[in-house]
Amino acid sequence: MSERAQSNTTGYLFVYFTGLEEKSTDEQIYFAISHDGCVWNDLQTDGNPILSSTVGERGVRDSFLVRAADGKHFYLIATDLSIFHRGGWKNSNASESGSTSLVIWESEDLVHWTAPRLVDVASTIPDAGMAWAPEALWIESDQQYMVYWSTRSEADNHVGDPTNVYYATTTDFEVFSDPVLWIDREHSVIDTTMIQADDGYFYRASQDGMLMIERTKNPYAVSIGEYNHSDDPKQWTAVYEFKKPFANPQYIGEYLEGPELFFYNPNDARPDPTGAAMIYGLMWDQHKTGNGYLPFRSSDLGSSDPIHWELASDVDFGSLKKRHGAILPITEDEYKRLKTSFLRENPASSHEIQG
């Protein structure tokens, strides 16, 4: 059922990389768990990732975790990239000579994982330079996953900067359809996150300079050029810039990137001033200041009214720095299994873990 909270989910799993790029283990997969989405406990110490890539560039970034449609299987996908092994960003040419594959792990229980494997998703794009920041969403009506990522391609570019977002579909994360150019703007577009809200619309946010919130009822609709401001539900429509609900001039792409939309579990969804449950979470990585994630809650992704939004200043992300990751609601059994399996090996928590 993808990332939506269920009646039996009571906790959360956060998958991420630390992103300092000072050693090979900074670009691997780390886990943190939480009972309430506010206090997070790392399941490992720095330098001891839960999962390490031994394929491709031998490093991964931008991890994303999917619960399969059957509710019992998990896919973890990530960018195949190691800036450490490339010698740092300065001369890495990572977006021109990067990998066109994603790294994928699978699990039945979140504890035991398959060996990492590479799946090429972008090499058929002319002049493709990389495949970065993947996410996936189960499209119930079509019984398939929509997987989307960013690729730089001068040859396939229509507008402005050549870094755009593509998507492909799959049912098993082994065989993928041909990539489709999905978002092409004047500025670079990367780090797209998407969720299907309770109002029936799909909402997405991207690092596109403006941090625009868009929505549609047809997630496959292609966006090329200027933002669409019509009311056509079959197209992606610009709803508002993220800075609007907060009137904060620093809530723009210069300061924020790596957005991540997720659901809160019903018992953790706090009421807004109208009494509506704030069931949606949205985090942004404060890349310019290096201060990690900035979290928010919302009761209505389609509204820019401040009454439906709040800065989640009570969130404590734990001791390890967290870069571009994903949050998945999990059951109590899954929470306990993760705690028992990993915390014993890596007693890294800065809090007393409950449960």
Side-chain angles (χ1 to χ4, degrees), residues 14 16-22 26-27 32 37-38 40 61-64 79 81 83 88-90 92 94-95 130 132-135 148-150 152 160-165 183-195 203-215 223 226-227 238-262 278 280-298 301 303-306 308-318 320-327:
F14 195 157
Y16 62 95
F17 77 107
T18 59
L20 298 177
E21 299 146 7
E22 296 174 350
D26 290 343
E27 294 168 292
C38 289
W40 290 91
R61 304 165 68 96
D62 318 322
S63 54
F64 189 78
T79 300
L81 175 62
I83 295 301
W89 279 106
K90 186 175 181 180
S92 69
S95 64
M130 83 293 197
W132 285 3
E135 281 200 11
Y148 40 97
W149 68 90
S150 292
R152 176 184 173 88
D161 190 280
T163 298
N164 303 310
V165 182
I183 312 174
D184 184 349
R185 304 290 191 201
E186 181 66 28
H187 299 287
S188 169
V189 188
I190 196 169
D191 300 342
T192 296
T193 184
M194 180 168 63
I195 202 170
Y203 287 84
R204 74 183 180 194
S206 304
Q207 209 299 32
D208 55 2
M210 298 177 68
L211 310 187
M212 186 70 74
I213 305 298
E214 301 173 273
R215 73 177 184 181
S223 302
E226 298 295 326
Y227 290 101
V239 186
Y240 54 89
E241 291 182 56
F242 182 71
K243 66 182 180 181
K244 186 174 182 181
F246 306 95
N248 190 322
Q250 292 192 353
Y251 289 177
I252 57 176
E254 181 182 351
Y255 296 91
L256 305 178
E257 67 177 12
E260 180 60 30
L261 283 163
F262 65 96
M278 305 184 82
Y280 308 107
L282 175 57
M283 307 183 301
W284 295 89
D285 187 349
Q286 301 174 89
H287 68 96
K288 185 169 185 176
T289 62
N291 290 332
Y293 271 115
L294 189 64
F296 300 86
R297 299 184 182 93
S298 176
L301 295 176
S303 173
S304 61
D305 190 324
H308 297 302
W309 285 89
E310 73 172 21
L311 173 64
S313 56
D314 57 326
V315 173
D316 179 351
F317 282 116
L320 290 186
K321 184 176 182 179
K322 294 167 176 61
R323 295 289 314 278
H324 202 154
I327 292 175

Would R323 and E257 satisfy salt bridge (Lys or Arg N to Asp or Glu O under 4.0 Å), going step by step from the backbone distance to the final call? CA-CA 10 Å; R323 295 289 314 278; E257 67 177 12; 3.3 Å; yes
Set out, in order, the CA-CA distance, both residues' side-chain angles and the distance that settles side-chain contact (heavy atoms from CB on, under 4.5 Å) for I183 and N164, then state yes or no. CA-CA 6 Å; I183 312 174; N164 303 310; 5.9 Å; no
Please determine whether side-chain contact (heavy atoms from CB on, under 4.5 Å) holds for the pair R215 and L301, giving the CA-CA distance in whole Å, both sets of side-chain angles, and the decisive distance to 0.1 Å. CA-CA 9 Å; R215 73 177 184 181; L301 295 176; over 6 Å; no
Run Y255 and W284 through side-chain contact (heavy atoms from CB on, under 4.5 Å) and show every step you take. CA-CA 9 Å; Y255 296 91; W284 295 89; over 6 Å; no
What verdict does the side-chain contact (heavy atoms from CB on, under 4.5 Å) test give for R61 and H324, after you've listed the backbone C-alpha separation in whole Å, the side-chain angles of each residue and the deciding distance to 0.1 Å? CA-CA 7 Å; R61 304 165 68 96; H324 202 154; over 6 Å; no
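Formation of a donor-acceptor pair under 3.5 Å by the Y16 side chain with backbone atoms of A32 is not found in this model. Looking only at distances, a side-chain donor or acceptor of T18 sits under 3.5 Å from a matching main-chain atom of D26. A distance-only check finds no donor-acceptor pair linking the side chain of E214 to the backbone of R204 [under 3.5 Å]. Distance alone, capped at 3.5 Å, is enough to place a donor-acceptor pair between the S298 side chain and the H308 backbone. A donor-acceptor distance shorter than 3.5 angstrom exists from the side chain of S150 to the backbone of V189, with no hydrogens or angles considered. For the pair S92 (side chain) and I83 (backbone), a donor-acceptor distance under 3.5 Å is absent.
The shortest non-hydrogen separation linking D191 to A133 is OD1-CB, 3.4 Å. Contact detail for A94 and W89: the closest heavy-atom pair is CB-CZ3, 4.1 Å. Minimum heavy-atom separation, P259 to A205: CG-O, 3.7 Å. Between T192 and Y148, the closest heavy-atom pair is O-CE1, 3.4 Å.
Between M130 atom CE and I190 atom CD1 the span is 5.0 Å, to the nearest 0.5 Å. Rounding to the nearest 0.5 Å gives a distance of 10.0 Å between CG of L81 and OG of S95. Interatomic distance, CZ of R185 versus OH of Y227, reported as 5.0 Å (0.5 Å rounding).
Residues Q207 and H287 are in side-chain contact: their nearest non-hydrogen atoms beyond the backbone lie under 4.5 Å apart. Contact annotation: the side chain of T79 never approaches that of W149 to less than 4.5 Å [non-hydrogen atoms, C-beta and beyond]. Side-chain atoms of K243 and L211, non-hydrogen and from C-beta on, never get closer than 4.5 Å to each other. Within the 4.5 Å cutoff, the side chain of W132 has no heavy atoms near those of the R152 side chain. For the pair M283/V315, no side-chain contact is recorded, criterion being any heavy-atom separation below 4.5 Å from C-beta on. Side-chain contact check for S304 versus V239: every heavy-atom pair is 4.5 Å or farther apart. Contact of the L256 side chain with the Q286 side chain is registered, since non-hydrogen atoms from C-beta on lie closer than 4.5 Å. F64 has its side chain out of reach of T193: every pair of non-hydrogen atoms, C-beta onward, lies at least 4.5 Å apart.
In this pair, W40 and F317 present their aromatic rings parallel. The plane angle is below 30°, not in the 30 to 60° band. Using cut-offs of 30° and 60° on the angle between ring planes, the pair F246 and F242 is tilted.
Counting non-hydrogen atoms of neighbouring residues, nucleotides and ligands closer than 6.0 angstrom, the NZ atom of K321 exceeds 12 such neighbours.
No hydrogens or angles considered: nothing links the side chains of H187 and D208 as a donor-acceptor pair under 3.5 Å.
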